[in-house]
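Residue numbers count from 1 along this sequence.
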Amino acid sequence: MRKGDVATVLSYVANRFHSEVELLVWPGNWGYAERTIRGNSTTLSNHASGTAIDLNAPRHPLGKVGTFSSAQKGRIKKILADCGGVVRWGGNYNGRKDEMHFEINAGTAAVAKVAKAIKAGKKPGPSGGATSSGGSSSPTYTTVTGSTPLVKLYHKGEPVKRIQKAVGVKVDGYFGKDTQTAVKAYQKKRGLDADGIVGAKTWAKINGKSSSSSSGSSSSGKVTSKAPAFPLPKGHWYGVESKNKKNHSGYYKSDQAGIKQFQNKLKARGWKITADGKFGPATQKVVRQFQAEKKISVDGAVGQVTWSKIWESPVT
């Protein structure tokens, strides 16, 4: 980087990024390079003047969008705001995005003003070459291996990638705070202790198995139990109370046993649901989520198809 105020500001950005967005991993962090802008044979890049840095470049390739989570983008936005507008992020480009890229985007006087505040410790988070927020050193990630190891915060490796894929966060193999939060939500949804630690019970859900022998699922994730006979006449369904005579909400006691039966099965599969024999909004919400997961018609009602899927589809 260019010496002086530019280096102070960009080092501050990199420190904040490391502490608040994601750990910087070597190799893959770039600075000065005497070259033109990619795709342009005449215009020099900010890298050529030492006024730009690329952070964790292999994770955030040029032109690719969505390499950061919403939470991470929010933290980047805060860092930029704290820099008083003198730094521009490539993820905010109007044209081709460059999410690895941060560059000086203001004149000498404006950059000097921000650099002075950083040096004086008037900016939040790490200033200059300071340590991460809180004064503690950055966490070290421990590598884990195997099919179902115990995995928790600050672990890394192939098992972490499988976990991230299952809980729906960016798959980078690093079990950071975003992954921990997603794991807790995944566990809560499936009736597990939401501690953010992936042990035997959470692995069982991820792998399509239940932690108890009553699950009816095999090691391949396929459910071996067969659905019991649908309790209602053909063309009827369980749903929230309505005037439709084919709808059964549990208003009549004779319908409550069937509702309680599928509620208990959903609960056994890991869904958080009360088995009270009443088809209210809470049950409808879980049914809709289940239908969406199994890619069947999302109508929030339990007819013959949904009833069968509750017993016979793989636990995912």
Does the K205 side chain pair with the main chain of R269, one donor and one acceptor, at a distance under 3.5 Å? yes
Any side-chain heavy atom of K170 sitting closer than 4.5 Å to one from Q72? yes
Any L192 side-chain heavy atom under 4.5 Å of Y186 side chain: no
Can you check whether K309's main-chain N or O pairs, donor with acceptor, with S313's side chain at less than 3.5 Å? yes
From the list R16, K156, R59, K177, salt bridge (Lys or Arg N to Asp or Glu O under 4.0 Å) with E22 holds only for R59
If you count the non-hydrogen atoms of other residues, nucleotides and ligands that lie under 6.0 Å from CG in N264, is the total more than 12? yes
Whether the E103 and T51 side chains hold a donor-acceptor pair (N or O, under 3.5 Å, no angle test) is what I'd like checked. no
Taking salt bridge (charged side-chain N to carboxylate O under 4.0 Å, His left out) as the definition, give me every residue that meets it alongside K78, ordered by chain and number, with sequence neighbours left out. D82
Could you tell me which residues satisfy side-chain contact (heavy atoms from CB on, under 4.5 Å) with E158, sequence neighbours excluded, listed by chain and number? R162
Do other residues, nucleotides or ligands put more than 12 heavy atoms under 6.0 Å from Y251 OH? no
Donor on one side chain, acceptor on other, H101 and E99, under 3.5 Å: no
Determine whether W271 and K189 make a side-chain contact, defined as any pair of heavy atoms from C-beta on separated by less than 4.5 Å. yes
Output yes when a side-chain donor or acceptor of D299 lies under 3.5 Å from a complementary backbone atom of A301, and no otherwise. yes
Main-chain N/O of Y93 paired with K97 side-chain donor or acceptor, under 3.5 Å: yes
Angle class for the H236/H248 ring planes (parallel below 30°, perpendicular above 60°, tilted otherwise)? tilted
So with a 6.0 Å cut-off around NZ of K73, is the heavy-atom count from everything else above 12? yes
Check: W203 and V151 side chains under 4.5 Å, non-hydrogen atoms: yes
Under a 3.5 Å cutoff, is there a donor and acceptor pairing between the side chains of T306 and Q291? yes
Exactly one of F290, F230, W237 should register a ring-ring contact (aromatic ring centres under 6.0 Å, His included) with W307. Which one does? F230
Quick one: does any side-chain atom of H60 pair with a main-chain N or O of A57 as donor and acceptor, under 3.5 Å? no
Any sub-3.5 Å donor-acceptor pair from H47's side-chain atoms to G31's backbone N or O? yes
Are any of the side-chain heavy atoms of S69 and V169 separated by less than 4.5 Å? no
Taking the side chain as C-beta and beyond, is there a heavy-atom pair between T108 and D5 under 4.5 Å? no
Using a 4.5 Å cut-off on heavy atoms from C-beta on, say whether the side chain of N92 contacts that of W89. yes
Is it the case that one hydrophobic cluster holds both Y174 and Y154, taking links as side-chain heavy atoms less than 4.5 Å apart, direct or via other members? yes
Taking the side chain from E241 and the backbone from G250, do they hold a donor-acceptor pair closer than 3.5 Å? no
Is there a path of hydrophobic side-chain contacts, each under 4.5 Å between heavy atoms of I/L/V/M/F/W/Y residues, joining I206 to V144? yes
State whether the side chain of N56 and the backbone N or O of G28 hold a donor-acceptor pair below 3.5 Å, judged by distance alone. no
Counting only N and O atoms by type, is there a donor-acceptor contact under 3.5 Å from the side chain of Q263 to the main-chain atoms of D276? yes
Output, in order, the C-alpha distance, side-chain angles, deciding distance and verdict of salt bridge (Lys or Arg N to Asp or Glu O under 4.0 Å) for D178 and R75. CA-CA 12 Å; D178 287 346; R75 293 170 198 148; 3.4 Å; yes
Is there a donor-acceptor pair closer than 3.5 Å between any side-chain N or O of H18 and the backbone N or O of L24? yes
Spell out, yes or no, whether L232 and L266 are grouped together once hydrophobic residues are joined by side-chain heavy atoms under 4.5 Å, including indirect joins. yes
I53, L80: one ILVMFWY side-chain cluster at the under-4.5 Å cut-off? yes
Is the shortest side-chain heavy-atom distance between F262 and F279 below 4.5 Å? yes
Distance only, no hydrogens: is a donor on one side chain within 3.5 Å (strictly under) of an acceptor on the other, for T283 and R288? no
